[in-house]
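Quick notes on the structure that follows.
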Amino acid sequence: MHTLTIDLPDYANLLMHLTPMINMALFCIFASVLFAILIFFTPSRLHFVYCFLLPAYTVHSATLAQSRWSMFRLVDIKPEGLPMMVWTAYGVLWTLRCAEVASRTLPHQVNCLSRFILYFSNAQILDFDSKVTSNFMVSLLKECLFSASIISIFKNLLKNDAFTSSIPLINLLLHNLICAVLTQEILTFMSCLWRLALSPFIATKPMMKKPMFLSQGIREFWGKRWNLLVHDSLKRSVHSPLKGVVGVASSYLAVFFVSAVLHEYFFYLILVNNSGASYVPGKVSVFFLWNGVLCALEPHVVDFYRRTGLPPMPRVIVTAFTVLSALPLGGLFTDDWRDGGLFDDVAVLTPTILFTVAAGRKGR
């Protein structure tokens, strides 16, 4: 007999976790507005200075949380858990936005102070050309519920070591697969919550497009499906200016190098005050540089396969090969999420879904 149990989050526990996260988000938005106004009226030749000043301030606030000017002291919040994730996300956002300003590659729709403030203060992909409809809201709610369900199910799989094998490589791949899906759905879930909050004011585009389930190649995985907020910004400020100078393949490697630096910055901020995991410099960079090499090699592999005369592979097989190419090193990226308790922090916001199997009664 199979039993499905769904437990909704405890209201008091949910409120306890949400309140500091919302407070931090509100203060980050307020700070973003001030930064945006300051940058907008700064002479263009000095814009590159903010590419260093704002990341330096986010590191200062995280590492010296009790400092007089630390954001965490200003808002009286501990630098851990969900508030720390919000602060780190804004640190990366400010860095990306400053890079776009300095390289003069902002989207053409960001053409006035009000839009610049909106663009600078929101960690989502804004759609200035569309309107919010009821169908848009419904689809967001569906996606949010789907991601919450996947988070709960895969979190239990990870906790209970549901998949085990006598072959170490298979154990590694299964573990990395579960962590990768969890990471994908956590980013999707947090993005959906943010997009729902923005929906009364402006339309947004999805940040994640199910890369683990639908990608038809490494370049599609990173370029059209995974964390498009970061991708779009790096494409404008790094890839587009460089591809005409050093070539497409080298510009892809440059993007992954900058992405690796950003993720080192991200994990340093997340883990600096976390007793459950320690920051290991260079680990996440190896993962991203490996994927940069895969992106550079992919066209040659595809061309070789076509010249063999073999029929096209089914889409599901291509997706499997795409995911498998990154899984052996996937733990370099996802293990810090696990060890730092980030999976647990987000899982508190989602319902708990359990499958239990009970033995049936024997016939008489």
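Counting from 1, the numbers follow the sequence of the chain as shown. These numbers come from the heavy atoms of this one structure, side chains and all, not from hydrogens, waters or symmetry mates.
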Take L228 and M208 through the test side-chain contact (heavy atoms from CB on, under 4.5 Å) and record every step on the way to the result. CA-CA 6 Å; L228 298 181; M208 304 284 283; over 6 Å; no
Derivation of the side-chain contact (heavy atoms from CB on, under 4.5 Å) call for W222 and H231: CA-CA 7 Å; W222 293 109; H231 166 266; 5.9 Å; no
Using the benzene-type ring in the case of Trp, are the ring centres of F257 and F288 under 6.0 Å apart? no
Would you say the ring centers of F40 and F120 fall short of 6.0 Å from each other? no
Where is the tightest heavy-atom contact between [X] and [Y], given as atom of each residue plus distance?
X    : Y    : value
T95  : G91  : OG1-O, 2.8 Å
A25  : W194 : CB-CZ3, 4.0 Å
F116 : A36  : CE2-O, 3.2 Å
M24  : P83  : CG-O, 3.6 Å
P206 : I125 : O-CD1, 3.7 Å
F154 : I178 : O-CG2, 3.6 Å

Going by heavy atoms in the side chains, are [X] and [Y] under 4.5 Å from each other?
X    : Y    : result
C98  : H47  : no
T88  : F267 : no
V132 : L198 : no
V302 : E298 : yes
F213 : T319 : no
K131 : F136 : no
K243 : K235 : no
I150 : F189 : no

Each residue besides L34 in its hydrophobic cluster should be listed here, by chain and number; the cluster joins Ile, Leu, Val, Met, Phe, Trp and Tyr at side-chain heavy-atom distances under 4.5 Å. F30
Give a yes or no on whether the backbone of [Y] and the side-chain of [X] come within a donor-acceptor separation of less than 3.5 Å.
X    : Y    : result
N176 : L327 : yes
N122 : Q124 : no
Y305 : P311 : yes
S199 : L196 : yes

Is [Y] reachable from [X] through a run of hydrophobic residues whose side-chain heavy atoms are each under 4.5 Å from the next?
X    : Y    : answer
W226 : F321 : no
I186 : V92  : yes
L46  : V101 : no
V293 : I218 : no
L141 : I202 : no

Considering residues, nucleotides and ligands other than W290, do more than 12 of their heavy atoms fall under 6.0 Å from its CH2? no
Tell me, yes or no, whether the heavy-atom count around K224 atom NZ, taken from other residues, nucleotides or ligands under 6.0 Å, exceeds 12. no
Between atom [atom1] of [X] and atom [atom2] of [Y], what is the distance when rounded to the nearest 0.5 Å?
X    : Y    : atom1 : atom2 : answer
T204 : F128 : OG1   : CZ    : 11.5 Å
F304 : T308 : CZ    : OG1   : 6.5 Å
L253 : L242 : CG    : CG    : 11.0 Å
N291 : R219 : CG    : CZ    : 12.5 Å
F287 : D335 : CZ    : CG    : 11.0 Å
T188 : R195 : OG1   : CZ    : 9.5 Å

If you apply the rule side-chain hydrogen bond (donor to acceptor under 3.5 Å, both in side chains), what do you find for R104 with S44, and how did you get there? CA-CA 9 Å; R104 301 183 183 182; S44 58; 3.2 Å; yes
Give a yes or no on whether a salt bridge exists between D232 and R236, defined as a side-chain N under 4.0 angstrom from a carboxylate O. no
Let me know which of W94, F27, F266 forms a ring-ring contact (aromatic ring centres under 6.0 Å, His included) with W87. W94
Checking [Y] against [X]: is there a side-chain donor and acceptor pair closer than 3.5 Å?
X    : Y    : result
S285 : E264 : yes
Q109 : Y119 : no
Q216 : T322 : no
E220 : S215 : no

Could you walk me through whether K155 and S152 pass the side-chain contact (heavy atoms from CB on, under 4.5 Å) test, one step at a time? CA-CA 5 Å; K155 178 67 175 64; S152 179; 5.8 Å; no
Partner set under side-chain contact (heavy atoms from CB on, under 4.5 Å) for V255, not counting sequence neighbours: L234, V238, H239
Residues at least two apart in sequence or cross-chain that pass salt bridge (Lys or Arg N to Asp or Glu O under 4.0 Å) with K209, listed by chain then number, are none
Are L193 and C144 close enough, and set up right, to give a side-chain contact (heavy atoms from CB on, under 4.5 Å), and what steps lead you there? CA-CA 7 Å; L193 292 180; C144 196; 3.8 Å; yes
